[in-house]
Every structure is written in structure tokens, then in C-alpha cells.
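Got a structure for you, questions after.
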Amino acid sequence: MTQEKVLVIAVNQTKQEDHRFQSSLHELVSLCKTAGGTVEEVITQKRDRIHPATYMGEGKLHEIHENIETKEIDIVVANNELSAGQIRNLSDVFGVRVLDRSQLILDIFAMRAQTKEGKLQVELAQLEYLLPRLHGQGTQLSRLGAGIGTRGPGETKLETDRRHIERRIYDIKRRLQLVVKQRSQYRKRRKENDVFQIAVVGYTNAGKSTLFNRLTKSSSLEEDQLFATLDPLTRRVKLPSDMICLITDTVGFIQDLPTALIAAFKSTLEEVAEADFLLHVVDASDSDLNQQQKTVQKLLEELNANHIPILTVYNKKDLVHGEDFIANQFPNVLISAYDENDLYHMMLQIESILKEEWGFYTTHVHPEEGDLLYRLKTETLITHREFNEEKEQYVVQGFVRYNHPLNRLVEEK
């Protein structure tokens with residue numbers, strides 16, 4: 001795909017913190033790059049509020065138009081969500097395609113979705129974004145459906161009436177309900193098997209997939225781009241004590257995620273709320289890590305997952321310069337996902353947090369109870385195991401979850 005030339009426009013509202021505005025703008029430039037565009041120019045304007053008809057003031061529109069002409073810009077991307085009227089007016093003034101931050105994110109998600117479920121969820125989000133913008137659009141529909149590279153539902157589907165889109169939304173929701181049902185049954189089975197579940201969460205491009213791949217020796221998509229992983233992947237992983245867990249790589253979080261997208265991806269993110277433990281991966285080298293941490297914490301609250309035990313994993317320590325980095329989340333660990341020793345240290349840290357959360361046990365197991373010995377090894381954190389020759393039985397000590405079936409077994413023995 002040929003790289004499209006992009007001009008980014010943004011309104012810095014006076015009530016907005018300057019730092020947050022700059023980080024949001026920096027993120028938008030990264031999003032454009034991920035979608036396959038090259039940002040030629042960034043034009044901002046400080047205003048009390050966004051212009052209801054044209055987003056920016058008349059003088060700025062003239063400046064933008066001149067830049068479009070001289071730099072041969074293909075597409076203008078606004079940092080805020082635009083109304084149908086604003087998109088139409090700006091397209092008329094500039095003579096090129098105009099899209100907003102939400103459309104751009106939806107476009108990237110369309111590009112990244114691999115599974116049938118992922119593709120359905122993206123299409124649903126795109127159509128729900130489009131529906132309130134249908135009124136009076138006319139020929140603008142083709143522009144609305146197109147992001148950088150013109151992906152997504154496509155022009156022919158979009159240039160139809162509201163009823164067709166509403167029918168399609170209803171159909172997708174019905175099909176997704178079946179997927180959600182299957183997913184919850186699968187989760188229920190995992191719960192019944194009492195497998196300990198870890199979810200890897202964090203801001204997009206923090207290194208979650210790299211960490212996941214190193215821990216599980218698998219090969220999920222690993223790129224230095226936003227939203228490289230969209231569909232959740234689950235694999236088995238073993239802690240240093242030999243306890244077996246399931247670990248899930250999840251979609252990256254981001255500031256100002258389109259509402260339609262949060263709703264559409266609720267079932268994907270439910271993996272997070274169902275986890276027993278969270279690894280919150282943070283890019284320690286990013287100057288905006290505090291804002292990114294806040295964004296993740298806010299989304300965890302919205303998913304009712306903020307009560308789950310969590311370890312903050314400050315990643316990319318090889319890119320951190322001495323005193324530049326100060327951890328502000330606890331417990332935490334500073335690692336490079338490429339360093340085996342760091343990963344081992346991180347796994348030990350997970351175990352030490354779990355020991356504080358779980359109950360200590362001592363039990364005696366006869367050699368013929370091989371199944372029980374195996375279950376203790378793989379489902380609890382064993383700290384000591386020895387064979388007592390006099391009594392001809394194993395003495396096993398360790399930590400077990402309070403609600404685990406083995407908890408009752410070890411108490412009875």
C-alpha cells in the first residue's frame with residue numbers, strides 16, 4: 001500500500017491540561033503511522049471550545065488549506081470525534097478526505113482483526129459509529145466509510161439506507177451473543193478445572209505480546225505498532241515452583257477509545273475481569289507512562305477488574321536512562337522482556353505476591369497417591385517437599401488458594 005500523506009489537526013481546549021493534550025497528539029501521530037500514513041504536518045489551535053460547525057476557526061482553516069495544497073496532502077485527521085456536519089464542512093473546505101480519531105482507531109482495528117469474532121466486533125463498532133452520522137450525509141457516506149487505506153465496511157455497504165445498517169447491526173449482535181455464550185462456557189470450564197489464570201494487560205505497544213511470547217514460547221503478533229494484538233490468545237505457562245497457569249494476552253488500552261469500540265469489545269475484555277491475577281505491562285521508557293498507567297487503571301475499574309491482585313511490570317529497562325525512571329505503582333518489577341533472568345525474577349515476584357494472598361498448608365501424602373501429589377505440584381505453590389522414610393509418606397508444604405478444592409483436601413489430611 002502506498003503511504004498516504006496525512007495532515008493532523010487538533011484543538012487544544014483551554015480547560016484541558018497541556019500535558020494530556022500533547023500526549024494525545026503524540027499518540028494520534030503514532031496511530032496515523034500504524035494505519036499506513038506519513039504525517040507531513042501537525043496544526044493546532046488553542047480555543048475555549050471546539051467550533052460546532054468547522055472544528056477550528058476560519059483563519060486556521062485557511063492555513064490548513066494552504067498546507068494541503070503545498071504538501072499534496074491526501075487525508076486530514078482530527079484529534080477529536082467529529083460530527084457528520086463537521087466532517088462534511090471540513091471536506092468541502094479542504095477538498096480531501098477528513099476523518100477523526102475514532103474512525104482512525106476503528107480503521108486500525110479493522111486492519112488487525114484476525115478471527116471471525118474480531119472482524120464482527122470491528123464491523124459492529126464501525127456501523128454503530130456511522131449510524132448517528134447518516135442524517136443528511138448523501139455522498140459523504142463513502143468518505144465516512146474510508147480511513148487511511150479505505151478499509152472497513154466499504155463504500156458499497158455504507159451507501160445504503162439506515163434500515164439496512166440497523167438490520168446488519170442486529171444480525172451481528174445476534175451472532176456475537178452466540179460467541180459470548182461459547183466464550184463464557186469455555187471460561188466456566190476453565191474455572192471448574194481450577195486452573196489459575198493470569199491476564200497480561202497494559203497500554204498499547206508496552207510490550208505485552210513480547211512478554212507473552214517469551215513466557216510461553218509462542219508467536220503471537222509482535223510489532224512495534226499500536227494494537228498489534230487484537231484477538232486474545234491463551235497459553236499454558238509454568239511458575240518456578242512448577243505450578244501451571246493459563247496466561248492470556250489482551251488488546252492494548254488507549255486514551256479516548258471510541259465508545260462503540262469499548263462496547264463491541266466487552267466480551268474480549270471480559271477475559272481480564274475473569275482472571276485471578278493481572279500483569280500490568282508498562283513501557284518504562286515512555287515519557288507519558290503516568291498518563292498511560294492512569295488510562296489502564298480507569299479501564300480496569302470500568303471492567304470491575306480493579307480488585308484483582310496485580311503486579312506492575314515496568315518493561316524496556318534497556319531503554320531507561322538512570323534517574324529518568326521512578327516507579328509509582330507497587331508491587332512492581334523492572335525488566336527487559338528479552339532477558340531470561342528478568343523474566344525468572346518476575347515469575348518469583350508473582351509467587352511471592354500469591355503467598356501473601358493464599359493460605360499456608362502442611363500435608364502428608366502416601367506414595368500411592370500419585371494423582372494428589374501431581375495436583376499439589378501443578379495447582380499449588382509448593383515450598384518444601386521431602387519423603388519421611390519412617391512414616392513412608394511425603395511431607396508437602398506450600399500455599400493454596402482459599403477457594404481451591406485442594407484447600408479442603410489438605411485440611412482433612
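Everything quoted here is computed from the prediction, not taken from an experiment. FYI, side chains are in, hydrogens and waters are out, and symmetry mates aren't considered; it's all heavy atoms of this structure.
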Flag for Glu379-His404: side-chain donor and acceptor within less than 3.5 Å: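 Indeed, the side chains of His404 and Glu379 share at least one donor-acceptor pair under 3.5 Å.
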
Validation row: Asp249, Leu211 side chains within 4.5 angstrom (heavy atoms):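 A side-chain contact under 4.5 Å is absent here.
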
Check: Lys15/Gln13 side-chain N/O donor and acceptor closer than 3.5 Å: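 There is such a pair between these side chains.
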
Glu128 side chain reached by Lys173 side chain, heavy atoms, under 4.5 Å: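 Yes, their side chains come closer than 4.5 Å.
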
Side-chain heavy atoms of Leu299 within contact of Val272, under 4.5 Å: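 In short, these two side chains do not touch, never coming nearer than 4.5 Å.
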
Gap separating the CZ atom of Arg88 from the OG1 atom of Thr54, nearest 0.5 angstrom: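 Here the interatomic distance stands at 12.5 Å.
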
Donor + acceptor pair across side chains of Gln293, Asn328 (<3.5 Å):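 Indeed, the side chains of Gln293 and Asn328 share at least one donor-acceptor pair under 3.5 Å.
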
Phe360 and Phe399 aromatic centres sub-6.0 Å: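 Yes.
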
Verdict with reasoning, Leu278 to Leu300, per side chain to side chain contact (heavy atoms under 4.5 Å, CB included): CA-CA 10 Å; Leu278 300 178; Leu300 288 176; 4.0 Å; yes

Lys119 bridged to Glu123 by N-O distance under 4.0 Å: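 A salt bridge is absent here (no side-chain N lies under 4.0 Å from a carboxylate O).
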
Steps toward salt bridge (charged side-chain N to carboxylate O under 4.0 Å, His left out) verdict (Glu166, Arg163): CA-CA 5 Å; Glu166 283 173 344; Arg163 269 178 316 192; over 6 Å; no

Minimum heavy-atom distance Ser23-Asp288, with the two atoms named: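 Closest heavy-atom pair between Ser23 and Asp288: CB-OD2, 2.7 Å.
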
Check: Lys377 main-chain N/O paired with Asp242 side-chain donor or acceptor under 3.5 Å: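 No: the side chain of Asp242 does not pair with the backbone of Lys377.
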
Mutual orientation of the aromatic rings belonging to Phe196 and Phe277 [parallel < 30°, tilted 30-60°, perpendicular > 60°]: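 Judged by the thresholds at 30° and 60°, the geometry between Phe196 and Phe277 is tilted.
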
Distance, nearest 0.5 Å, that separates CE of Met56 from CG of Asn80: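 Separation between the atoms: 9.0 Å.
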
Pair Lys316 + Asp283, salt bridge at N-O below 4.0 Å: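 Yes, this pair counts.
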
Working for side chain to side chain contact (heavy atoms under 4.5 Å, CB included), residues Ile382 and Ser241: CA-CA 6 Å; Ile382 290 180; Ser241 69; 5.5 Å; no

Distance-minimising heavy-atom pair for Ala35 and Asp107: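 That closest heavy-atom pairing would be CB-OD2, 4.2 Å.
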
Heavy-atom check, side chain of Arg101 versus side chain of Glu27, under 4.5 Å: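 They are in contact (side-chain heavy atoms under 4.5 Å apart), so the answer is yes.
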
Residue pair Tyr314 / Leu289, side-chain heavy-atom distance below 4.5 Å: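 The answer is yes; the side chains approach within 4.5 Å.
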
Side chain proximity check, Gln197 to Thr248, heavy atoms < 4.5 angstrom: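 Of all side-chain heavy-atom pairs linking Thr248 with Gln197, none is under 4.5 Å.
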
NZ/Lys317: more than 12 non-hydrogen atoms of other groups inside 6.0 Å: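 Atom NZ in Lys317 is packed in, count exceeds 12.
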
Within-4.5 Å side-chain heavy-atom neighbours: Ser287 and His26: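 Answer no - side chains too far apart.
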
Within 6.0 Å of CG in Asp18, more than 12 heavy atoms from elsewhere: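 Enclosed: over 12 neighbouring heavy atoms sit under 6.0 Å from CG of Asp18.
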
Criterion salt bridge (charged side-chain N to carboxylate O under 4.0 Å, His left out) on Arg175 and Asp171, from CA distance to verdict: CA-CA 6 Å; Arg175 288 163 71 184; Asp171 181 49; 3.7 Å; yes

Stepwise ring pair (Phe, Tyr, Trp, His ring centres under 6.0 Å) test for Phe253 and Tyr203: CA-CA 5 Å; Phe253 296 174; Tyr203 211 75; 8.4 Å; no

Quiz item: cation-pi between Arg385 and Tyr394, 6.0 Å / 45°: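 The answer is yes, since Arg385 meets both limits relative to Tyr394.
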
Pair Asp371 + Arg375: basic N to acidic O under 4.0 Å: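 Arg375 and Asp371: not salt-bridged.
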
Gln103 (side chain) donor-acceptor with Asp100 (main chain) under 3.5 angstrom: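 Yes, because the side chain of Gln103 sits within donor-acceptor range (under 3.5 Å) of the backbone of Asp100.
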
Asn388 side chain to Lys391 backbone, donor-acceptor under 3.5 Å: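 Looks like yes, one N/O pair under 3.5 Å.
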
Spatial distance of atom CG (Leu61) from atom CD1 (Ile9) [nearest 0.5 Å]: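 Rounded to the nearest 0.5 Å, the CG-CD1 separation comes to 7.5 Å.
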
Residue pair Leu246, Arg236: steps toward the side chain to side chain contact (heavy atoms under 4.5 Å, CB included) verdict: CA-CA 5 Å; Leu246 288 178; Arg236 278 157 62 100; 3.7 Å; yes

Sidechain-backbone polar pair: Ser24 side chain, Arg20 backbone, donor-acceptor under 3.5 Å: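 No.
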
Donor-acceptor under 3.5 Å (Lys46 side chain, Thr14 main chain):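 No, because the side chain of Lys46 does not come within donor-acceptor range (under 3.5 Å) of the backbone of Thr14.
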
Whether over 12 other heavy atoms sit under 6.0 Å from Lys116 NZ: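 At most 12 heavy atoms, drawn from other residues, nucleotides or ligands, come within 6.0 Å of this atom.
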
Enclosure of Lys71 NZ (heavy-atom neighbours >12, cutoff 6.0 Å):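 Result for NZ/Lys71: enclosed.
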
Under-4.0 Å salt bridge between Lys298 and Glu301: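 Not counted as a salt bridge, because no side-chain N and carboxylate O are separated by less than 4.0 Å.
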
Heavy atoms from other residues, nucleotides or ligands near CD of Glu386 exceed 12 (cutoff 6.0 Å):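 Result for CD/Glu386: enclosed.
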
Closest non-hydrogen atom pair, Thr362 against Gln397: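 Closest approach of Thr362 to Gln397: OG1-NE2, 3.3 Å.
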
More than 12 heavy atoms from other groups under 6.0 Å of CD on Glu17: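 No, because the 6.0 Å sphere around CD of Glu17 holds 12 heavy atoms or fewer from other groups.
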
Pairwise distance CD(Glu351) to OG1(Thr383) - rounded to 0.5 angstrom: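 Answer rounded to 0.5 Å: 10.0 Å.
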
Which atom of Ile169 lies closest to which atom of Leu127, heavy atoms considered: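 Closest approach of Ile169 to Leu127, heavy atoms only: CG1-CB, 3.8 Å.
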
Check: Leu7 and Ile43 side chains under 4.5 Å, non-hydrogen atoms: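 SC-SC contact between Ile43 and Leu7 confirmed.
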
Backbone of Ala273 reached by a side-chain donor or acceptor of Asn304 within 3.5 Å: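 Pair absent, no side-chain N/O of Asn304 close to backbone of Ala273.
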
Derivation and outcome, side chain to side chain contact (heavy atoms under 4.5 Å, CB included), residues Leu279 and Met346: CA-CA 10 Å; Leu279 283 178; Met346 182 193 77; 4.2 Å; yes

Atom pair CG (Asp74) and CD1 (Ile68), whose distance is rounded to the nearest 0.5 Å: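 Here the rounded value is 10.5 Å.
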
Test log, rule side-chain hydrogen bond (donor to acceptor under 3.5 Å, both in side chains), inputs His280 and Asn332: CA-CA 9 Å; His280 174 192; Asn332 68 63; over 6 Å; no

Neighbour count >12 (heavy atoms, 6.0 Å) for atom OH, Tyr344: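 Not buried by this count: 12 neighbours or fewer within 6.0 Å.
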
Separation of Glu357 CD from Leu381 CG (nearest 0.5 Å):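 The CG atom of Leu381 sits 11.5 Å away from the CD atom of Glu357.
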
